[in-house]
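Please read these numbers as outputs of a predicted model, since none were measured by experiment.
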Amino acid sequence: TEIYTLSLHDALPICVKNALCAQGFCEAMTMSFYADEDLDALHIAKDAPERNAVRILNPLSANLTIMRTLLAPSLLKTVVVNLKKGNDEGRLFELANVYAPKALPLTELPKETKHLGLAVFGAEEDFFTVKGAVEDLAESLGMRFAFERAEDVPYLHPGIAAYILCENERIGCFGKISNVMTKELDLP
């Protein structure tokens with residue numbers, strides 16, 4: 001007989017995944033690398049903290065030159081690929097690490113932090129789909145989130161974006177992709 005124990009820290013990703021799957025989300029798994037161009041596509045400022053990335057000395061390709069600092073570029077690419085292949089609707093999530101260097105040039109391993117990214121697309125999906133998913137997720141974890149308008153996230157529509165707050169601390173944001181990006185990516 002073998003006995004396995006699961007700490008609360010280990011169980012949290014399972015609870016998050018189960019809660020999102022129950023809401024019709026499918027798990028996406030993307031590479032931990034992308035390129036500066038992916039941050040450019042999101043209109044991330046050149047001096048933004050997300051640009052402080054670990055650079056790969058010997059990258060596999062020109063598209064995989066930095067370790068990801070946020071999940072949005074990879075999830076957006078996944079949505080674009082799905083739309084271009086005729087998948088007109090979907091709900092995706094990714095629960096994965098992002099990497100922040102403690103110092104550059106690297107003298108020690110970067111800090112790895114688990115982040116959650118959500119993406120919804122299709123005629124029936126909108127800002128309120130994601131807000132409801134975030135609220136349901138909080139409830140399933142025994143938490144309560146508040147929301148405040150977000151007007152300064154460069155890749156989100158300034159009138160249709162919100163910060164997620166937990167105990168008055170900003171822990172995330174969500175919203176509709178900006179009209180500029182929608183046009184640049186030739187999305188419906």
Subject >> Derivation and outcome, side chain to side chain contact (heavy atoms under 4.5 Å, CB included), residues Leu76 and Leu185 >> reply: CA-CA 10 Å; Leu76 182 59; Leu185 295 169; 3.6 Å; yes
Original post:
Hey, does Glu89 have a side-chain heavy atom less than 4.5 Å from the side chain of Glu125?
Top reply: no
Original post:
Between the main-chain N or O of Asn97 and the side-chain N or O of Arg68, is there a donor-acceptor pair closer than 3.5 Å?
Top reply: yes
Original post:
Pick one: which of Asp38, Thr30, Asn82 meets side-chain hydrogen bond (donor to acceptor under 3.5 Å, both in side chains) with Lys77?
Top reply: Asp38
Original post:
Do Leu20 and Leu116 have side chains that get closer than 4.5 Å, going by heavy atoms?
Top reply: yes
Original post:
Measuring from Leu42:CG to Glu37:CD, what's the distance to the nearest 0.5 Å?
Top reply: 12.0 Å
**OP:** Answer whether the closest heavy-atom distance between the side chains of His115 and Leu70 falls below 4.5 Å.
**Re:** no
Subject >> side chain to side chain donor-acceptor pair (under 3.5 Å) pairs, two or more places apart, involving residues 132-147 >> reply: Lys131-Glu135
**OP:** Give, for atom CG of Asn52 and atom CZ of Arg55, the distance between the pair rounded to the nearest 0.5 Å.
**Re:** 9.5 Å
Original post:
Is Met29 reachable from Val16 through a run of hydrophobic residues whose side-chain heavy atoms are each under 4.5 Å from the next?
Top reply: no
Original post:
Are Leu165 and Phe145 close enough that some pair of their side-chain heavy atoms sits under 4.5 Å apart?
Top reply: no
Subject >> Flag side-chain contact, heavy atom, 4.5 Å: Phe33 against Ile66 >> reply: no
Original post:
Which pair of heavy atoms, one from Tyr155 and one from Cys173, lies closest together, and at what distance?
Top reply: OH-SG, 4.3 Å
**OP:** Please round to the nearest 0.5 Å and tell me the distance separating atom CG of Leu156 and atom CZ of Phe127.
**Re:** 9.5 Å
Subject >> Sidechain N-carboxylate O distance under 4.0 Å for Asp36, Lys46 >> reply: no
Subject >> Step-by-step side-chain hydrogen bond (donor to acceptor under 3.5 Å, both in side chains) determination, Ser74 to Glu94 >> reply: CA-CA 9 Å; Ser74 304; Glu94 183 168 19; 5.2 Å; no
**OP:** Kindly indicate whether the side chain of Tyr163, heavy atoms from C-beta on, has any atom under 4.5 Å from the side chain of Val153.
**Re:** yes
Original post:
What is the minimum heavy-atom distance between Ala53 and Leu104, and which atoms define it?
Top reply: O-CD1, 3.9 Å
Original post:
Under a 4.5 Å cut-off applied to non-hydrogen side-chain atoms, are Asp126 and Thr129 in contact?
Top reply: yes
Subject >> Tyr34 OH to Leu71 CG distance, which is reported to the nearest 0.5 Å >> reply: 7.5 Å
**OP:** With the side chain counted from C-beta on, respond yes when Phe121 and Leu92 share a heavy-atom pair under 4.5 Å apart, and no when they do not.
**Re:** yes
